[in-house]
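Everything on this sheet refers to the single structure shown next.
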There are 2 protein chains.
Amino acid sequence: MIESEPSPNGAAEAESSSRKRVVIGDVAARAGVSKSAVSFVFNNRSGVSASARERILRAADELGWRPSARARALSRSHAQAVGLVIRRDPELLSTDPFFPQFMAGVEIGLTAHDYSLVLQVVADEQSERAAYHRFADASRVDGVFLTDVRIGDTRPQDARELGLRAVVIAPEDAASDDGVAIGMNDSDGVRRAVHHLHSLGHRRIAHVMGAPMYVHTEARRRAWREALVDLGLPVGTVVTADFTGASGARATHELLDLPEPPTAIVYGNDLMAIAGVSAATDRGVRVPEDLSVVGFDDIPLAPYALPPLTTVRQNVVAWGTAAAQTLVALVEGRQPPTVRLPPVEFVVRGSTGPTRDRRHA
Amino acid sequence: MIESEPSPNGAAEAESSSRKRVVIGDVAARAGVSKSAVSFVFNNRSGVSASARERILRAADELGWRPSARARALSRSHAQAVGLVIRRDPELLSTDPFFPQFMAGVEIGLTAHDYSLVLQVVADEQSERAAYHRFADASRVDGVFLTDVRIGDTRPQDARELGLRAVVIAPEDAASDDGVAIGMNDSDGVRRAVHHLHSLGHRRIAHVMGAPMYVHTEARRRAWREALVDLGLPVGTVVTADFTGASGARATHELLDLPEPPTAIVYGNDLMAIAGVSAATDRGVRVPEDLSVVGFDDIPLAPYALPPLTTVRQNVVAWGTAAAQTLVALVEGRQPPTVRLPPVEFVVRGSTGPTRDRRHA
DNA sequence: TTGTATGCGTTATCAC
DNA sequence: GTGATAACGCATACAA
């Protein structure tokens, strides 16, 4: 229970908004010790007797004092905060289930260490660079999360040059050795999707990929391709899209216009997949009778799509927590814990089904 | 273009990660002035000659110096940061288009003033209170945004007692006088939805509302009711849900089980509406032939739902920007600008249609 | 314009 | 090992 009401014996002058801020000296005076003693107690350092510690804690509690993050940041040269720069088009930002979940997970890891998360949402690359510079130059944060990693991304090096610690969130197999990485496992989900489709009898399995600049886009495409090869299936057509609904619909039309259209499509995310179903339906192609569709993300709407969407689910919250723990450790100069991320789940719903010949068989 | 490469004449010792942090004194020395002069220039204050200003800016640029947010925060007793505490269930968080867009808008308003946004995602009320206390006690932020305002919410008062400025984001008509508010205009959108349905011949128009604790839930319900009354229509059935897909589906079944089921339903958000369509379809009720459906939010998926969803769109980004400008002004003791928010839009798509008798007429 | 005190903890140095 | 004292971090406010 967090209560900051002034202790009854504290003082009658309290409660007025003009109450002076309680500072470490007040606590020290009340406990009859020096400021350093108070500081030591609040930083879990030895050198304070049990009785003194007791008095100090009580005094602090009675006065409602907590160390000022501002003063602490200055004297420690340490912001006790980490940053997240999100570069996304506004439209994509509000569909993407990644960031909200990731941030929720990050908080779990940060709150435990009393770190704050400083957020910056930007629209383009120039603002993104500026954002990292602001973080570093003004010493607002000690480290940053790097998400949406792009091919040839220089941010890991940039961060290092700016003196920021960084944790890269990227597909495992794309994780370079530039700094510590939290590995996503997109490939596994896509592989399972392809295997699932194969087991339903599909042989022409296409892929609609997202914006090609991202390493996770490429990771998913590669996983799709490799799974097909492993299964001895022909490598199907891949169409480049950009994760938006409009692009997913367009890509779907392209695929269905082919002389030999696919009987199944693996999409780079749920939004494109659902838009793809919509596009297919518009032209009389039924899902899943004529076309099976697999998404990626398992957005909360996926079960309510018509038909309910078969898709890949990852535990993004767990990544966030792991990334936060890692970054805090890095910032504090500790060895990052080895994280164990939960495996991806493949969720079979109504948008995938047996090929026509199988069904008739 | 933001570049922090050490000036060519800067020093050869640069680039090493062990470079000492450049401080204001270094800039002052290089420019041959006092620290105060440098400070004045960087705070746009008079008292520095044009030539000195010139030298100072050049020196700072060459050294790549910018005032440290940490030191500035301490000496100004001002964090130059504002906070946003998001309390949401993980599931709802990742569907809600509100927060990403709101945050994107907030950034626009904050970046202009060089403020940072500190974010905290929490799961329950106790953590929420703790989060505000942490913000205030540690002086991490100067003000906060209060979103998802609940009925009988004490956060405006709490914030004041904690010494935090606050901007409340709530429906216009629910805005109390506890602090400054940015008025959302949910009512207008709902009213237009009801009028739209009425013009299509609907007379039994139900409402599926979200979690009843929020003032915006209630604002939408009231708007629905008042619109019906204004039009001389009977007040339909209202079912309480909680903004999740599951609750929307359940509520829809409840409504369709009525002896006289509605011919149209206005939902509190798009997720429930789409889940409602799914539920209706499952039991053979066709949308829009047998049932018209209106959502709220216009999520990016709305155009790709089957059928495409008729819904209400608000410019949440604009709110965010307005809220940020207002909060910064408040924090800096200025008169908040009068904001002019764009009106809501009502987007008619395929999920609403004429009633059966109209169509046959 | 400049020197200097100030904000508030943290930490190195010293004394017991 | 306990504890106190003083310097430090860095920019800003205010008197000079």
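Each chain gets a letter, A, B and so on, in the order its sequence line appears, and its residues count up from 1.
- When distances are taken from the side chain of B:Ser75 to each of C:dT10, D:dG9, D:dT12, the shortest belongs to D:dT12.
- Map B:Gly25 and A:Ser46 each onto its nearest nucleotide of DNA chain D; the residue landing nearer the 5' end is A:Ser46.
- Side-chain proximity of B:Ser34 to C:dT2, D:dA11, D:dT5: nearest is C:dT2.
- A cation-pi arrangement is absent between A:Arg140 and A:Phe135 under the rule of less than 6.0 angstrom and at most 45 degrees off the ring axis.
- Picking from D:dT5, C:dG9, D:dA13 the nucleotide with the shortest atom distance to the side chain of A:Ile24 gives C:dG9.
- Across all strands shown, A:Ser68 has heavy atoms under 4.0 Å from sugar-phosphate atoms exclusively, and none from any base.
- Residues B:Arg76 and B:Asn43 are in side-chain contact: their nearest non-hydrogen atoms beyond the backbone lie under 4.5 Å apart.
- The nearest whole Å value for the distance from the NZ atom in B:Lys35 to the C1' atom in D:dT12 is 9 Å.
- Separating the CZ atom of A:Phe42 from the C1' atom of C:dT11 is a distance of 17 Å, rounded to the nearest angstrom.
- Summarising the geometry, the separation between CG on A:Leu74 and C1' on C:dC8 is reported as 8 Å, rounded to the nearest angstrom.
- Side-chain contact between A:Ile56 and A:Val48 is present, with heavy atoms from C-beta onward closer than 4.5 Å.
- We find that CG of A:Leu63 is positioned 14 Å from P of C:dC8, with the value rounded to whole Å.
- Across all strands shown, A:Ser49 has heavy atoms under 4.0 Å from sugar-phosphate atoms exclusively, and none from any base.
- Sequence order on DNA chain C of the closest nucleotides to A:Ser39 and B:Ser51 puts B:Ser51 first from the 5' end.
- Residue A:Ala52 is classed as a sugar-phosphate contact, given heavy-atom separations below 4.0 Å to backbone atoms only.
- B:Val38 comes within 4.0 angstrom of no nucleic acid atom, judged by non-hydrogen atoms across all strands.
- Residue contacts for A:Arg45: at a heavy-atom cut-off of 4.0 Å it reaches the sugar-phosphate backbone alone, with no base atom in range.
- Atom pair A:Glu54:CD and D:dG3:P shows a separation of 13 Å (rounding to whole Å applied).
- Nucleic acid contact for A:Phe40: base, since at least one base atom lies under 4.0 Å from a heavy atom of the residue.
- B:Arg66 has its CZ atom 12 Å from the P atom of D:dA11, to the nearest Å.
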Before you tell me yes or no, could you show the steps for A:Asp148 and A:Arg88 under salt bridge (Lys or Arg N to Asp or Glu O under 4.0 Å), namely the whole-Å CA-CA distance, both residues' side-chain angles and the distance that decides it to 0.1 Å? CA-CA 9 Å; A:Asp148 278 351; A:Arg88 280 294 175 95; 2.6 Å; yes
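- We find that CD1 of A:Ile56 is positioned 12 Å from P of D:dT2, with the value rounded to whole Å.
- Proximity note for A:Val23 (side chain, C-beta onward) versus D:dG3, C:dC8, C:dG3: the nearest is C:dC8.
- Evaluation of atom-type donor-acceptor distances gives no pair under 3.5 Å for the side chain of A:Ser36 against the base of C:dT10.
- Atom CZ of A:Arg70 and atom P of D:dT12 are 14 Å apart (whole Å).
- When side chains are defined from C-beta on, A:Arg30 does not count as touching A:Arg58, because their heavy atoms never get closer than 4.5 Å.
- Between D:dC10 and B:Trp65, no contact under 4.0 Å exists linking OP1 or OP2 to a side-chain N or O.
- Side chains of B:Glu107 and B:Tyr115: a donor-acceptor N/O pair is absent below 3.5 angstrom, by distance only.
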